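If you read the sequence from its start, that first residue is 1, and numbering goes on from there. Worth saying up front: this structure is predicted, and the values here are computed from it rather than measured.
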Amino acid sequence: MSAEQSDFLRAAQERGFLHQVTDAAALDARLRAGPVAGYIGFDCTADSLHVGSLMQIMLLRLMQRTGHKPVVLMGGGTTKVGDPSFRDEARPLLDDAAIERNKAGIRKVFDAFLTFGGGATDAIMLDNAEWLDELRYIPFLREVGRHFSVNRMLTMDSVKLRLDREQNLTFLEFNYMLLQSYDFSELQRRYGVALQMGGSDQWGNIVMGVELCRRMNGAEAFGMTTPLLTTASGAKMGKTAAGAVWLSAEKLSPYEYWQFWRNTEDADVGRFLGLFTELPMAEVRRLGALAGAEINEAKKVLATEATRLLHGAEAAATAAETARRAFEEGEAAESLPSLTHALPAAIADLLLAADFVKSKGEARRLAQQNGIRLNDAPVTDALAEVTSADLRDGAAKLSLGRKRHLLVRAA
């Protein structure tokens with residue numbers, strides 16, 4: 001890249017967002033020439049996004065902070081098809097009313113991270129149903145389909161994975177990459193969008209969209225992906241024993257969200273501080289280099305900063321103080337009963353071993369009634385495992401109701 005690297009690409013690279021770029025030098029020059037509109041698509045499969053989407057949201061926020069225009073594309077049209085990327089089976093199809101409800105919920109998440117409006121760097125939210133719902137099938141095949149090679153489409157990871165496993169891939173889903181590419185072409189034509197971003201699993205679809213912009217519109221377009229995000233232990237980002245880590249306060253409280261980040265594995269702290277906070281990189285590196293007991297201070301900073309961005313400074317401070325009282329003023333100290341047990345272990349087995357329940361069936365019923373918590377986060381499946389990633393200061397806290405607590409330590 002040029003020595004005069006744009007603020008956006010420099011920050012994206014330094015903070016850990018950058019994985020692949022279609023033409024880094026040309027994109028960099030375009031970014032330095034003035035505001036660039038870049039988009040990421042989000043399908044409307046639930047009424048909130050979860051932490052698995054947070055890297056993409058933070059990337060759009062970084063665009064805006066460095067003087068560019070973020071475009072949030074809601075998949076009101078593509079949700080009716082379903083993205084097959086790295087899925088073992090087709091998503092259940094949603095009706096129009098459910099998609100509209102989900103869109104409204106997701107919009108609230110973006111309001112916390114982006115400034116929307118009509119200015120050059122103000123974010124805009126669009127819906128691909130605007131053009132996809134109006135498509136006439138035969139003209140679409142003639143105008144768009146002729147630019148796609150089935151031979152090449154079959155080599156895409158999102159398709160190849162299903163075929164290699166001999167799992168069903170419907171023709172409806174097979175069309176998804178055409179529709180995603182067409183989205184880019186329409187966004188470029190209608191709104192001047194020059195950059196599509198997404199996770200590394202979207203690289204093939206993004207490259208096809210870049211090519212379609214050139215072929216249909218004669219326009220220069222760019223693609224960029226972020227790295228696949230997993231924890232140091234290999235777990236999928238955003239999944240815990242309590243279920244998905246939602247970005248909606250109605251689905252997950254600010255305190256539970258704070259606790260999720262506080263439970264970050266030691267090896268992930270520096271990386272997550274770069275991606276999910278806006279601390280200066282010098283401070284990120286300092287905190288990420290802490291070791292031993294000191295790394296817990298870095299985890300608290302990560303938890304508070306990440307919670308502040310989503311829920312606001314007051315909610316973040318309240319969550320941090322609640323945790324301090326609960327875990328530092330004796331409640332999670334030696335006064336609690338403890339159990340030393342080999343990990344990973346099912347929550348039901350741990351409760352049985354500590355004589356907190358009489359059977360696994362009792363544990364399952366309690367979980368279904370929201371009566372079990374792991375590190376103060378509700379657990380819906382008593383057979384979910386406590387792992388070393390759940391340990392804080394050497395222990396994980398299991399709670400039955402509000403008054404019975406157990407510290408679990410690794411054998």
Side-chain angles (χ1 to χ4, degrees), residues 40 42-62 64-65 70 72 74-75 79 94 97-116 123 125 229 236-264 272-273 275-279 299-327 367-381 384 390 392 397 399 401-402:
I40 300 176
F42 301 85
D43 279 345
C44 313
T45 52
D47 60 0
S48 172
L49 298 175
H50 56 68
V51 162
S53 298
L54 189 57
M55 183 187 279
Q56 309 308 323
I57 297 170
M58 291 297 291
L59 187 59
L60 288 171
R61 182 177 170 91
L62 181 62
Q64 189 163 55
R65 289 175 59 218
V72 180
M74 300 306 298
T79 302
L94 303 177
I99 290 172
E100 286 302 313
R101 285 195 301 272
N102 291 345
K103 276 173 53 183
I106 291 170
R107 171 61 192 251
K108 295 177 185 176
V109 172
F110 282 101
D111 283 338
F113 289 93
L114 300 175
T115 300
F116 288 86
M125 180 174 281
L229 190 62
K236 190 172 183 180
M237 181 67 178
K239 296 291 185 181
T240 69
V245 182
W246 296 103
L247 301 180
S248 163
E250 288 77 27
K251 296 171 81 72
L252 189 77
S253 72
Y255 176 71
E256 291 163 339
Y257 189 72
W258 191 96
Q259 285 290 350
F260 166 75
W261 293 106
R262 172 62 180 83
N263 291 331
T264 295
F272 288 0
L273 282 164
L275 292 168
F276 302 118
T277 81
E278 292 175 348
L279 294 173
K299 292 180 184 182
K300 292 172 190 174
V301 173
L302 168 62
T304 300
E305 289 297 309
T307 305
R308 181 183 62 79
L309 284 172
L310 176 60
H311 295 297
E314 184 177 349
T318 299
E321 175 60 17
T322 301
R324 187 189 69 79
R325 288 199 310 269
F327 286 91
Q368 291 165 2
Q369 296 164 5
N370 296 319
I372 300 177
R373 300 172 83 83
L374 172 61
N375 291 333
D376 289 330
V379 171
T380 56
D381 180 6
D390 297 309
R392 319 181 12 164
K397 187 173 81 165
S399 304
R402 295 187 178 276

Next item on the list: Applying salt bridge (charged side-chain N to carboxylate O under 4.0 Å, His left out), run through Arg65 and Glu278 and close with a yes or a no.
Entry: CA-CA 10 Å; Arg65 289 175 59 218; Glu278 292 175 348; 3.7 Å; yes

Is [Y] close to [X] at the side-chain level, that is, under 4.5 Å between some pair of heavy atoms?
X	Y	value
Glu256	Pro378	yes
Leu229	Leu275	yes
Phe113	Gln64	no
Trp261	Val51	yes
Met74	Cys44	yes
Leu247	Tyr257	yes
Val301	Leu279	yes

Gap separating the [atom1] atom of [X] from the [atom2] atom of [Y], nearest 0.5 angstrom:
X	Y	atom1	atom2	value
Asp376	Gln259	CG	CD	5.5 Å
Leu60	Phe110	CG	CZ	6.5 Å
Thr115	Arg61	OG1	CZ	7.5 Å
Phe42	Met125	CZ	CE	8.5 Å
Ile57	Leu62	CD1	CG	14.0 Å
Asp43	Thr45	CG	OG1	6.5 Å

Notebook entry, point to check: So is Arg107 actually on top of Phe116's ring, under 6.0 Å and inside 45° of the axis?
Noted result: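 Yes - Arg107 lies over the ring of Phe116, closer than 6.0 Å to its centre and within 45° of its axis.
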
Checklist line | Plane angle bin for Trp246 and His50 - parallel if under 30°, tilted between 30 and 60°, otherwise perpendicular | finding: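 Perpendicular.
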
Notebook entry, point to check: Which class fits the ring pair Phe272 and Phe276: parallel under 30°, tilted 30 to 60°, perpendicular over 60°?
Noted result: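 The rings of Phe272 and Phe276 stand perpendicular, inter-plane angle above 60°.
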
What donor-acceptor contacts under 3.5 angstrom involve side-chain atoms of residues 307-320, with partners at least two apart or in another chain?
residue	atom	partner	partner atom	Å
Thr307	OG1	Ala303	O	2.7
Arg308	NE	Glu305	OE1	3.4
Arg308	NH2	Glu305	OE1	3.1
Thr318	OG1	Glu314	O	2.9

Margin query: Quick one, Val72 with Ile40, criterion side-chain contact (heavy atoms from CB on, under 4.5 Å). Give me CA distance, side-chain angles, the key distance, then yes/no.
Written below: CA-CA 6 Å; Val72 180; Ile40 300 176; over 6 Å; no

Note to self: How close do Ala46 and Ile106 get, counting heavy atoms only, and between which atoms?
What the structure shows: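 That would be O-CD1, 3.5 Å.
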
Check: So, the side chain of Thr79 versus the backbone of Gly75: is there a donor-acceptor pair under 3.5 Å, distance only?
Finding: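 Yes, because the side chain of Thr79 sits within donor-acceptor range (under 3.5 Å) of the backbone of Gly75.
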
Check: Who passes salt bridge (charged side-chain N to carboxylate O under 4.0 Å, His left out) against Lys251, sequence neighbours left out?
Finding: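 In terms of salt bridge (charged side-chain N to carboxylate O under 4.0 Å, His left out), with neighbours along the sequence ignored, Lys251 is linked to Asp47.
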
Check: Can you check side-chain contact (heavy atoms from CB on, under 4.5 Å) on Leu54 and Val245, steps first, answer last?
Finding: CA-CA 10 Å; Leu54 189 57; Val245 182; over 6 Å; no

